[in-house]
Amino acid sequence: MRIATWNINSVRLRLGLLENFTSFFQPEVLCLQETKVQDAFFPIKEIESMGYKHVAYIGQKSYNGVAILSKYPITGVFSCDFYNQDRRHIAGLINGIEIHNFYVPAGGDEPDEKINPKFKHKLEYIKFIQKWFLENRKKDDKIILLGDLNIAPHANDVWSTKQLKNVVSHTLVERDLLISLQESFNFIDSARYFTNMEEKLYSWWSYRNKDWRKSDRGRRLDHIWASSPLEEKLRSVQIIKDARSWSKPSDHVPLILDLQQLD
DNA sequence: ATGGTTGGCGCCCAA
């Protein structure tokens, strides 16, 4: 089974790119973040015509919004309001795996929770996710946790760990919280499972860099984690870097995880 | 140290 995640930064604006991506890479399951559309206006017909007959989505006007597009049935769909009314989470069961799609708050500019409520929100959001999994799920459940987690946890998940140490997404408090969430539930960081820690890995390049490929000031903000019962099923991970140079791109590129056919 | 760009919406906010 091929599972992908992509912060698409407006699903309606990028239906053409979505069509190109899905027809070329053929993910059976695709999780989107920042759909930026209310449910009444979600482009369900267009997405069904791309082959995704099972779609779960929850959105709001202008901001946030998440969706799961699937070629297999989705059951038990739910969304947690972890903190406020933001539409940042949707989950469902597909082929025996519970898939959790997250859009973690970006956290604003100032990495100080005393003066920046957005940063406080972000830290609390990660703690909330951790608490929820520890209280509601077991480590031997088959779970995929993926999405735009808006944190680059390791030194080589950013272009310069020194220059970004006080930049929201790579501060020590964020990195520690994300790694704590991962380790407390024995989640496997699938991209790092297949690529050693010394190698740079990015999934996001700012719109503000004129020549993003040349400067290559990226960050790995998007993740696909698997619970330990899925370890033997992990086959490969791809980060579709070329997507950043498509016409009218998202600032995030898709990640793809291939799992061995599940029985 | 600063500013750079994008999307959605509506005359600015969030990223």
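By convention in this document, chain letters (A, B, ...) are assigned in the order of the sequence lines, proteins followed by strands, and residues within each chain are numbered from 1. Note that these values count all heavy atoms, side chains included, but never hydrogens, waters or copies made by symmetry. All values derive from a computational prediction rather than experimental measurement.
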Fill in: d(NZ, A:K61; C1', B:dC13) in whole Å
13 Å

Worksheet item: Sequence neighbours excluded, which residues qualify as side chain to side chain contact (heavy atoms under 4.5 Å, CB included) partners of A:D211?
Response: A:R213, A:K214

Worksheet item: In whole Å, what separates the C1' atom of B:dG4 from that of B:dG10?
Response: 24 Å

Discussion item. Say we look at B:dC13 and B:dC9: how far apart would their C1' atoms be, to the nearest angstrom?
Written reply: 9 Å

Fill in: Members of residues 151-167 of chain A that approach DNA chain B, where some heavy atom sits under 4.0 Å away
none

Practice prompt. Please list all pairs passing the side-chain hydrogen bond (donor to acceptor under 3.5 Å, both in side chains) test where one or both residues lie in residues 35-50 of chain A, with sequence neighbours left out.
Written response: A:N9-A:K36

Item to complete: Please work out whether the ring planes of A:W6 and A:W246 are parallel, tilted or perpendicular, with thresholds of 30° and 60°.
Response: perpendicular

Practice prompt. Rounded to whole angstrom, note down the P distance from B:dG7 over to B:dG3.
Written response: 22 Å

Worksheet item: Do any side-chain nitrogens or oxygens of A:R14 fall under 4.0 Å of OP1 or OP2 in B:dG7?
Response: yes

Fill in: Residues in salt bridge (charged side-chain N to carboxylate O under 4.0 Å, His left out) contact with A:E124, at least two apart in sequence or another chain
A:K120

Discussion item. Under 4.0 Å, counting only non-hydrogen atoms across every strand here, what does A:R88 touch: a base, just sugar-phosphate, or nothing?
Written reply: sugar-phosphate

Worksheet item: In terms of the nearest nucleotide of DNA chain B, which residue is placed more toward the 5' end: A:V11 or A:R208?
Response: A:V11

Item to complete: May I have the distance from A:I8 (atom CD1) to B:dA15 (atom C1'), rounded to whole angstrom?
Response: 16 Å

Worksheet item: Are A:K248 and B:dG7 close enough that a side-chain N or O sits under 4.0 Å from OP1 or OP2?
Response: yes

Item to complete: Can you tell me the distance, in whole Å, between the CG atom of A:N9 and the P atom of B:dT5?
Response: 16 Å

Practice prompt. Please list, chain by chain and in numerical order, all residues satisfying salt bridge (charged side-chain N to carboxylate O under 4.0 Å, His left out) with A:R244, sequence neighbours excluded.
Written response: none

Item to complete: Return the set of residues passing salt bridge (charged side-chain N to carboxylate O under 4.0 Å, His left out) with A:D157 (not counting sequence neighbours), or none when no residue passes.
Response: A:R192, A:R220

Worksheet item: When you check the phosphate oxygens OP1 and OP2 of B:dA14, does a side-chain N or O of A:K118 lie under 4.0 Å from one of them?
Response: yes

Worksheet item: A:Y63 has an atom OH; how far is it from atom C1' of B:dG10, in whole Å?
Response: 11 Å

Worksheet item: Which nucleotide in the set B:dG7, B:dA15, B:dG10 lies at the smallest distance from any side-chain heavy atom of A:L13?
Response: B:dG7

Worksheet item: Among residues 101-112 of chain A, which residues get a heavy atom nearer than 4.0 Å to DNA chain B?
Response: A:Y103, A:A106

Worksheet item: For A:L221 and B:dA14, what is the distance between atoms CG and C1' respectively, to the nearest whole Å?
Response: 15 Å

Worksheet item: How would you list, by chain and number, every residue that makes a side chain to side chain contact (heavy atoms under 4.5 Å, CB included) with A:A226, sequence neighbours excluded?
Response: A:I144, A:L230, A:L234

Worksheet item: What orientation do A:W132 and A:H89 show, parallel under 30°, tilted 30 to 60°, or perpendicular over 60°?
Response: tilted

Fill in: Comparing A:T35 and A:N7 on DNA chain B - which has the more 5′ nearest nucleotide
A:T35

Worksheet item: How would you list, by chain and number, every residue that makes a salt bridge (charged side-chain N to carboxylate O under 4.0 Å, His left out) with A:D141, sequence neighbours excluded?
Response: none

